[in-house]
2 protein chains.
Amino acid sequence: MGIGYPWVCYGVRMDETESHGNPPEPVPRLPREEVRRRVLVAAERVFAERGYADSKLEDIAHAAGFTKGAVYSNFGSKKALFGAILEARADAELAAVMAGLDEAEDVSALVDQAARLVALRIARDTVRGRLGLEFATRALRDEETRAVVAPMRRAQRAAAAGAVRTYTERAGVTPPIDPELAGVILHCLTNGLSMEHLVDPEGIDATTSERALRALLGWLTGEAPS
Amino acid sequence: MGIGYPWVCYGVRMDETESHGNPPEPVPRLPREEVRRRVLVAAERVFAERGYADSKLEDIAHAAGFTKGAVYSNFGSKKALFGAILEARADAELAAVMAGLDEAEDVSALVDQAARLVALRIARDTVRGRLGLEFATRALRDEETRAVVAPMRRAQRAAAAGAVRTYTERAGVTPPIDPELAGVILHCLTNGLSMEHLVDPEGIDATTSERALRALLGWLTGEAPS
DNA sequence: GGTATCCGATACCCATGGGTATCGGATAGG
DNA sequence: CCTATCCGATACCCATGGGTATCGGATACC
């Protein structure tokens with residue numbers, strides 16, 4: 001990958017000094033919120049790529065087109081910056097899961113579609129997967145982080161359980177196991193596949209993830225065995 | 001947890017100077033291999049508890065009853081020490097998985113037993129789980145680590161697949177899905193449960209893990225739905 | 001028992017990077 | 001315009017901890 005940032009300040013490239021004239025016309029300043037947003041996005045990338053401990057605040061700042069000053073002015077500390085990312089992701093995650101539930105109508109095709117969507121997300125959105133691992137790792141050792149991560153994970157499991165309940169009901173079948181337990185299995189299998197894919201992308205590719213998820217979902221929704 | 005080490009050198013407590021006499025009788029030196037073993041064990045504990053980056057070599061050395069000198073004399077670098085742990089665990093892991101396969105004879109009870117054993121290991125052996133996470137995290141960024149971790153994981157998946165094949169065959173049933181895929185699902189679910197338990201021990205307790213594994217294994221071995 | 005070697009303890013080096021103090025230009029308010 | 005405030009850039013501080021050089025006692029070999 002490689003992060004690679006052009007040397008930029010205030011969102012303006014600095015490497016070529018264009019001062020062949022001289023009237024030092026004032027450069028407009030970016031709104032604070034935009035600065036914050038850019039730092040946040042850059043920090044996600046860098047934390048995902050290098051991991052928390054090996055991510056230097058200066059690298060993050062430069063990746064966003066600023067210097068450490070901007071980071072400290074907006075977030076106050078490395079830990080707080082990480083916390084802001086976690087918070088943002090937790091919100092987005094819950095929204096995404098909830099939105100995905102009521103998208104489709106056809107129950108039998110839904111299994112195929114859900115399996116494909118999740119598998120693609122695992123295979124393509126590596127930032128998501130890596131950040132998830134980082135969140136988990138830090139939650140082990142940091143009480144504050146755990147206080148955000150654990151409820152987030154519970155909500156995801158609950159959402160999965162709700163989906164199983166909803167769609168089996170809609171299809172008029174009874175699930176082979178308790179939907180709550182099904183939610184746990186789905187959630188943990190998804191996370192497990194994601195982690196495994198990160199470590200061994202060839203070993204667990206998108207197709208394998210998709211097949212695994214489809215098989216499991218098929219069982220859970222009472223599909224006739226093929 | 002808290003690591004907490006008594007101040008010890010050569011395995012002999014140093015905090016109380018017993019030099020009320022004076023003939024400085026020679027203290028026997030520990031065999032090199034024993035030193036190495038103790039450092040390795042201590043390093044596993046510390047790495048698991050604090051994570052790679054936050055583990056200080058001096059802490060590890062003291063936890064083992066030595067100083068940094070012993071660590072560098074035996075391993076040469078922090079990375080090499082971690083590599084030695086990984087290597088040792090990889091060997092032990094493969095052996096354990098292989099040994100577990102031919103233990104039981106009765107196929108129907110085997111599912112219950114296997115589920116319980118794995119669930120207990122997830123719930124109790126937190127060092128194992130944490131080290132596994134650490135291995136995965138480092139494998140993402142370190143080519144050498146990945147070269148050990150990825151094959152290890154593949155072997156585990158293959159072993160799981162082999163178990164499914166063996167026991168369905170023995171029971172005279174055909175598994176509902178390809179045994180290879182079943183191996184993937186079992187392996188990833190197990191890892192997912194382990195990670196989830198570490199982050200949220202109350203949310204995913206031993207009972208939950210056991211139920212999840214038993215349900216899945218029951219399905220895979222063609223058990224009649226209850 | 002004398003000498004060479006081994007190996008862990010000790011003291012030290014120094015790059016690193018999180019955090020802080022200060023500066024100065026841009027904006028806002030009058 | 002002129003001033004106060006904001007906020008990111010810059011320069012700096014310094015604890016930290018991986019790594020190295022050296023020491024000295026124990027072991028091994030003759």
Side-chain angles (χ1 to χ4, degrees), chain A residues 3 5 7-15 17 19 22-40 42-43 46-47 50-83, chain B residues 3 5 7-15 17 19 22-40 42-43 46-47 50-83:
Chain A
I3 288 189
Y5 41 83
W7 182 214
V8 164
C9 272
Y10 287 92
V12 177
R13 217 153 261 135
M14 297 298 268
D15 32 24
T17 44
S19 59
N22 13 28
E25 49 188 77
V27 180
R29 186 185 267 186
L30 266 66
R32 188 160 174 75
E33 193 170 339
E34 175 63 16
V35 174
R36 196 184 152 89
R37 217 185 51 76
R38 291 192 189 184
V39 171
L40 220 49
V46 176
F47 279 140
R50 300 225 208 290
Y52 182 83
D54 289 342
S55 296
K56 304 153 207 177
L57 285 186
E58 209 175 316
D59 286 356
I60 291 172
H62 284 175
F66 303 95
T67 64
K68 275 203 295 181
V71 176
Y72 276 98
S73 170
N74 279 282
F75 296 95
S77 77
K78 188 179 187 180
K79 211 182 138 183
L81 174 58
F82 187 80
Chain B
I3 289 187
Y5 41 82
W7 182 212
V8 163
C9 273
Y10 288 92
V12 178
R13 217 153 263 135
M14 296 300 269
D15 33 23
T17 44
S19 61
N22 13 27
E25 51 187 75
V27 180
R29 185 185 268 185
L30 266 66
R32 188 160 174 76
E33 193 170 339
E34 175 64 15
V35 174
R36 197 185 151 90
R37 217 186 49 77
R38 290 193 190 184
V39 171
L40 220 50
V46 177
F47 279 140
R50 300 226 209 291
Y52 182 83
D54 289 340
S55 296
K56 303 154 209 177
L57 285 185
E58 209 175 318
D59 286 356
I60 291 172
H62 284 175
F66 303 95
T67 65
K68 275 203 295 179
V71 176
Y72 276 100
S73 171
N74 280 283
F75 297 95
S77 78
K78 188 179 188 180
K79 212 182 138 182
L81 173 59
F82 187 80

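A note on names: the letters A, B, ... follow the listed sequences, proteins ahead of strands, and every chain is numbered from 1.
- By the salt bridge (charged side-chain N to carboxylate O under 4.0 Å, His left out) test, B:Arg37 is found to be paired with B:Glu34, residues two or more places apart in sequence or in another chain being considered.
- B:His62 has its NE2 atom 13 Å from the C1' atom of D:dG17, to the nearest Å.
- Checking D:dA9, D:dG8, C:dC7 against every side-chain atom of A:Asn74, the shortest atom distance belongs to D:dG8.
- Considering CG of B:Leu57 and NE2 of B:His62, their distance stands at 11.5 Å, rounded to 0.5 Å.
- B:Lys79 is linked by a salt bridge (charged side-chain N to carboxylate O under 4.0 Å, His left out) to B:Asp142, B:Glu144, counting only residues two or more places apart in sequence or in another chain.
- Listed nucleotides C:dA9, C:dC7, C:dA26 differ in distance to B:Arg29; the shortest reach to its side chain belongs to C:dC7.
- Among the heavy atoms of the strands lying under 4.0 Å from B:Val35 are primed sugar atoms or P, OP1, OP2 only; no base atom is included.
- OP1 or OP2 of C:dG8 has at least one side-chain nitrogen or oxygen of B:Arg32 nearer than 4.0 Å.
- Out of D:dA9, C:dT27, C:dG8, the shortest distance to the side chain of B:Ser73 is found at C:dG8.
- Pairing for C:dG8 goes to D:dC23, judged as Watson-Crick or G-U wobble with the two contacts each under 3.5 Å.
- Partners of B:Ser73 by side chain to side chain donor-acceptor pair (under 3.5 Å), not counting sequence neighbours, listed by chain and number: B:Arg32.
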Identify each atom pair where a protein N or O and an N or O of nucleotides 18-20 of chain D are less than 3.5 Å apart, giving names and distance.
from: D:dG18; atom 1: OP1; to: B:Ser55; atom 2: O; distance (Å): 3.2
from: D:dG18; atom 1: OP1; to: B:Lys78; atom 2: NZ; distance (Å): 3.1
from: D:dG18; atom 1: OP2; to: B:Leu57; atom 2: N; distance (Å): 2.9
from: D:dG18; atom 1: N7; to: B:Lys68; atom 2: NZ; distance (Å): 3.4
from: D:dG19; atom 1: OP2; to: B:Tyr72; atom 2: OH; distance (Å): 3.1
from: D:dG19; atom 1: OP2; to: B:Lys78; atom 2: N; distance (Å): 3.2
from: D:dG19; atom 1: N7; to: B:Lys68; atom 2: NZ; distance (Å): 3.0
from: D:dG19; atom 1: O6; to: B:Lys68; atom 2: NZ; distance (Å): 2.4

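- Distance CG (A:Leu30) to C1' (C:dT27): 14 Å, rounded to an integer number of Å.
- With sequence neighbours excluded, no residue forms a ring-ring contact (aromatic ring centres under 6.0 Å, His included) with A:Tyr72.
- A search for ring-ring contact (aromatic ring centres under 6.0 Å, His included) contacts involving A:Phe82 returns A:Phe47, A:Tyr52, A:Phe135, not counting sequence neighbours.
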